[in-house]
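Take a look at the structure below.
Because the structure is a prediction, the values reported are computed rather than measured. Chain letters run A, B, ... following the sequence lines, proteins first and then strands; every chain starts at 1.
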2 protein chains.
Amino acid sequence: MAINNVEALFAESLNELELTKKQKSVLRASLTLFSEQGFDRTSTSDIARVAGVSEGTVYKQFKTKEGILKALLGPFIQQVLPKAAGEFLDTFANTNVPDFETFLRRIVADRLTFFETNKLQLKIFIQEILSNSDMAATFINKTVGGAITRITAVMKFYQQKNEIVDWDPVRIVRYIMSTMLGYALPNLIQPDKKLNIEQSTDEVVEFIMRGIGIKKS
Amino acid sequence: MAINNVEALFAESLNELELTKKQKSVLRASLTLFSEQGFDRTSTSDIARVAGVSEGTVYKQFKTKEGILKALLGPFIQQVLPKAAGEFLDTFANTNVPDFETFLRRIVADRLTFFETNKLQLKIFIQEILSNSDMAATFINKTVGGAITRITAVMKFYQQKNEIVDWDPVRIVRYIMSTMLGYALPNLIQPDKKLNIEQSTDEVVEFIMRGIGIKKS
DNA sequence: ATAAAGTAAGTGTGCACTCACTTGCCACAA
DNA sequence: TTGTGGCAAGTGAGTGCACACTTACTTTAT
């Protein structure tokens with residue numbers, strides 16, 4: 001039976017969907033092609049050819065071409081921000097609250113790893129969000145909106161402990177995100193280069209801590 | 001006569017090309033449509049309708065649909081990085097060399113203004129560079145490559161004066177760029193919002209100076 | 001035996017681009 | 001000033017092709 005979009009959108013990741021070999025190969029082919037040429041410049045016959053199946057098979061598995069896109073991006077979108085927000089919450093659940101630098105390092109390493117692992121999805125996602133205003137609006141309202149309020153609370157916490165500067169939490173989050181993006185984006189444009197996670201994490205943390213940290217005297 | 005792509009690519013800006021009213025209206029319509037829906041989802045008949053001309057006229061002015069894209073992006077690409085590099089060089093020509101913060105503030109204000117003014121072109125450019133590997137390669141080799149060497153020299157200069165930390169200049173440039181992008185990108189996704197240049201500049205400079213500056217004792 | 005999985009040749013539509021034609025512009029002669 | 005020839009600017013119906021999707025059929029699995 002053809003994959004239902006809703007089902008795919010709420011699955012934790014592609015691997016956790018029950019997929020046959022052929023379904024996986026169609027998704028894998030689409031992921032490659034979409035990220036290389038863009039969604040619109042990829043034809044369904046291309047996908048079929050690269051996946052090594054007939055075009056009819058593609059349509060037995062996914063009702064529409066856009067269904068493939070949603071199956072690829074759904075799990076990704078679920079994880080871009082909420083996971084980071086989850087980390088923040090975990091910190092509070094933990095009675096032994098780490099200092100800000102430790103906390104920051106954990107998140108940066110986690111998100112950089114995520115970006116590196118999901119490089120192709122990230123590239124497709126950015127393309128899509130820039131040319132599809134519905135998707136942009138949905139993403140901002142549902143995903144970003146929810147994350148902001150939770151993250152804000154954590155920032156205020158560390159501000160009260162006088163570990164970081166007293167700027168608007170949104171501003172601080174912006175810097176953390178954009179500094180990480182500064183490492184991730186060049187890798188999207190030149191996909192052959194691989195991100196050195198450890199070194200990148202060290203550099204990001206070093207820069208951010210100078211930028212927003214407060215030295216204990 | 002139809003606009004020659006080469007001519008368009010090397011013109012300083014669209015305004016400096018000699019354009020008839022109809023040519024301008026085609027370009028204006030394309031700029032809007034491409035930035036809203038993306039190049040591939042915009043049809044030439046859409047462009048003609050929005051521009052208020054016939055489809056034939058569009059093709060009298062531009063040989064192909066891609067010609068329109070190049071006419072829009074050419075002048076933009078000429079200015080994204082080289083202008084910034086030019087600023088760097090000016091600093092050296094000037095006998096009265098400013099301190100790093102002054103210098104940084106000038107560049108940040110200049111580039112943020114440029115991004116805000118050319119918001120739509122920037123959006124189209126990012127879409128294109130993510131789905132067109134030729135364009136990505138050309139941009140990196142010609143535009144980025146040339147700029148890096150010149151900027152590196154300037155950073156080393158300020159490092160020798162002990163005004164900024166002794167990190168790889170490329171790394172420093174990365175932070176300056178990505179911090180500015182952190183302000184520009186949200187505006188691309190939500191085009192109705194307008195960037196407050198003055199405040200953004202102050203914030204960027206404040207953060208970057210903390211992040212890479214060295215306090216004189 | 002039957003139902004799902006797979007196939008590949010269709011089918012209709014939308015699109016980039018063309019072409020045969022009309023309109024508007026202007027130099028210049030009467 | 002006005003008529004006229006020539007040429008660029010403009011038009012929109014037309015053309016062919018590529019693509020998303022369907023359908024009638026065959027293979028495979030149980």
Side-chain angles (χ1 to χ4, degrees), chain A residues 1-5 7-8 17-73 124 127-128 131-132 134, chain B residues 1-5 7-8 17-34 36-73 124 127-128 131-132 134-135:
Chain A
M1 197 181 68
I3 284 191
N4 181 322
N5 294 343
E7 183 187 335
L17 283 174
E18 284 174 15
L19 296 170
T20 66
K21 275 180 190 168
K22 300 227 163 178
Q23 283 174 324
K24 276 184 186 166
S25 75
V26 167
L27 284 177
R28 210 180 353 256
S30 303
L31 185 61
T32 311
L33 290 169
F34 289 170
S35 72
E36 278 173 359
Q37 325 172 346
F39 177 78
D40 293 305
R41 289 171 200 173
T42 302
S43 70
T44 48
S45 69
D46 278 345
I47 295 173
R49 207 192 60 250
V50 172
V53 299
S54 75
E55 205 170 342
T57 300
V58 173
Y59 279 91
K60 275 269 154 59
Q61 295 162 348
F62 302 92
K63 288 201 186 88
T64 62
K65 189 185 165 193
E66 225 183 300
I68 302 178
L69 183 70
K70 287 184 177 163
L72 286 174
L73 289 190
I124 298 170
Q127 284 178 43
E128 209 51 32
S131 62
N132 184 332
D134 281 353
Chain B
M1 196 182 69
I3 283 190
N4 182 322
N5 294 342
E7 185 187 335
L17 283 174
E18 283 175 16
L19 296 170
T20 66
K21 276 179 188 167
K22 302 226 162 178
Q23 283 174 325
K24 275 183 187 165
S25 75
V26 167
L27 284 177
R28 212 180 352 255
S30 303
L31 184 62
T32 311
L33 291 169
F34 288 170
E36 280 173 359
Q37 325 172 345
F39 177 78
D40 293 306
R41 289 171 200 172
T42 302
S43 69
T44 48
S45 68
D46 277 346
I47 294 172
R49 209 193 59 251
V50 173
V53 300
S54 75
E55 206 170 342
T57 300
V58 172
Y59 278 90
K60 274 269 154 60
Q61 294 162 350
F62 302 92
K63 287 199 188 90
T64 62
K65 191 185 165 195
E66 227 184 301
I68 302 178
L69 183 69
K70 287 185 178 163
L72 286 173
L73 289 189
I124 299 170
Q127 284 178 44
E128 210 49 33
S131 61
N132 183 332
D134 281 352
M135 190 155 199

Q) Tell me, do B:Met135 and B:Leu73 make a side-chain contact under 4.5 Å, heavy atoms counted? A) yes

Q.
Applying side chain to side chain donor-acceptor pair (under 3.5 Å), can you list everything that pairs with A:Gln127, at least two apart in sequence or on another chain?
A. none

(Q) Of the options D:dA24, D:dA20, C:dC17, whose atoms approach the side-chain atoms of A:Lys60 most closely? (A) D:dA24

**Q.** Non-neighbouring partners of A:Thr57 that pass side chain to side chain donor-acceptor pair (under 3.5 Å), sequence neighbours left out
**A.** A:Ser54

Q: Can you sort out the partners of A:Arg49 under salt bridge (Lys or Arg N to Asp or Glu O under 4.0 Å), two or more places apart, ordered by chain and number?
A: A:Asp46

Q | A:Lys63 NZ to D:dT22 C1', straight-line distance once rounded to whole Å | A | 15 Å

Q. Within the structure shown, what part of the strands sits under 4.0 Å from B:Thr57 by heavy-atom distance: base, sugar-phosphate, or nothing?
A. base

Q) Does any non-hydrogen side-chain atom of A:Val50 lie less than 4.5 Å from one of A:Thr32? A) no

Q: Provide, to the nearest angstrom, the distance between the NZ atom belonging to A:Lys65 and the C1' atom belonging to C:dG14.
A: 13 Å

Q: Calculate the interatomic distance between A:Arg41 atom CZ and C:dA16 atom P; express it in whole Å.
A: 12 Å

(Q) Can you tell me which nucleotide in C:dC15, D:dC19, C:dC17 comes closest to the side chain of A:Ser43? (A) D:dC19

Q. Looking at five pairs on each end of the helix from C:dA1-D:dT30 to C:dA30-D:dT1, what is the angle between the two axes, given to 10 degrees?
A. 10°

Q. Could you give the OH-to-P distance, from B:Tyr59 to D:dA9, as a whole number of Å?
A. 18 Å

Q: Take atom CD of A:Glu66 and atom C1' of D:dC21, then tell me their distance rounded to the nearest Å.
A: 14 Å

**Q.** Contact summary for B:Val26 and B:Ile68, nearest pair of heavy atoms
**A.** CG1-CD1, 4.4 Å

Q. Given C:dA16, is OP1 or OP2 found less than 4.0 Å from the side-chain N or O atoms of B:Thr44?
A. yes

Q) Taking C-beta and beyond as the side chain, do B:Phe39 and A:Arg41 meet within less than 4.5 Å on heavy atoms? A) yes

Q: Go through residues 45-55 of chain A and report each residue with a non-hydrogen atom lying under 4.0 Å from DNA chain D, sorted by number.
A: A:Glu55

Q) B:Lys22 side chain: which of D:dT11, C:dG6, D:dA20 is closest? A) D:dT11

Q | B:Gln37 CD to C:dC15 C1', straight-line distance once rounded to whole Å | A | 14 Å

**Q.** side chain to side chain donor-acceptor pair (under 3.5 Å) partners for A:Gln37, two or more places apart
**A.** A:Thr42

Q) Who are the salt bridge (Lys or Arg N to Asp or Glu O under 4.0 Å) partners of A:Glu55, not counting sequence neighbours? A) none

Q | Nearest-Å distance for atom pair CG/P, residues A:Asp40 and D:dA18 | A | 17 Å

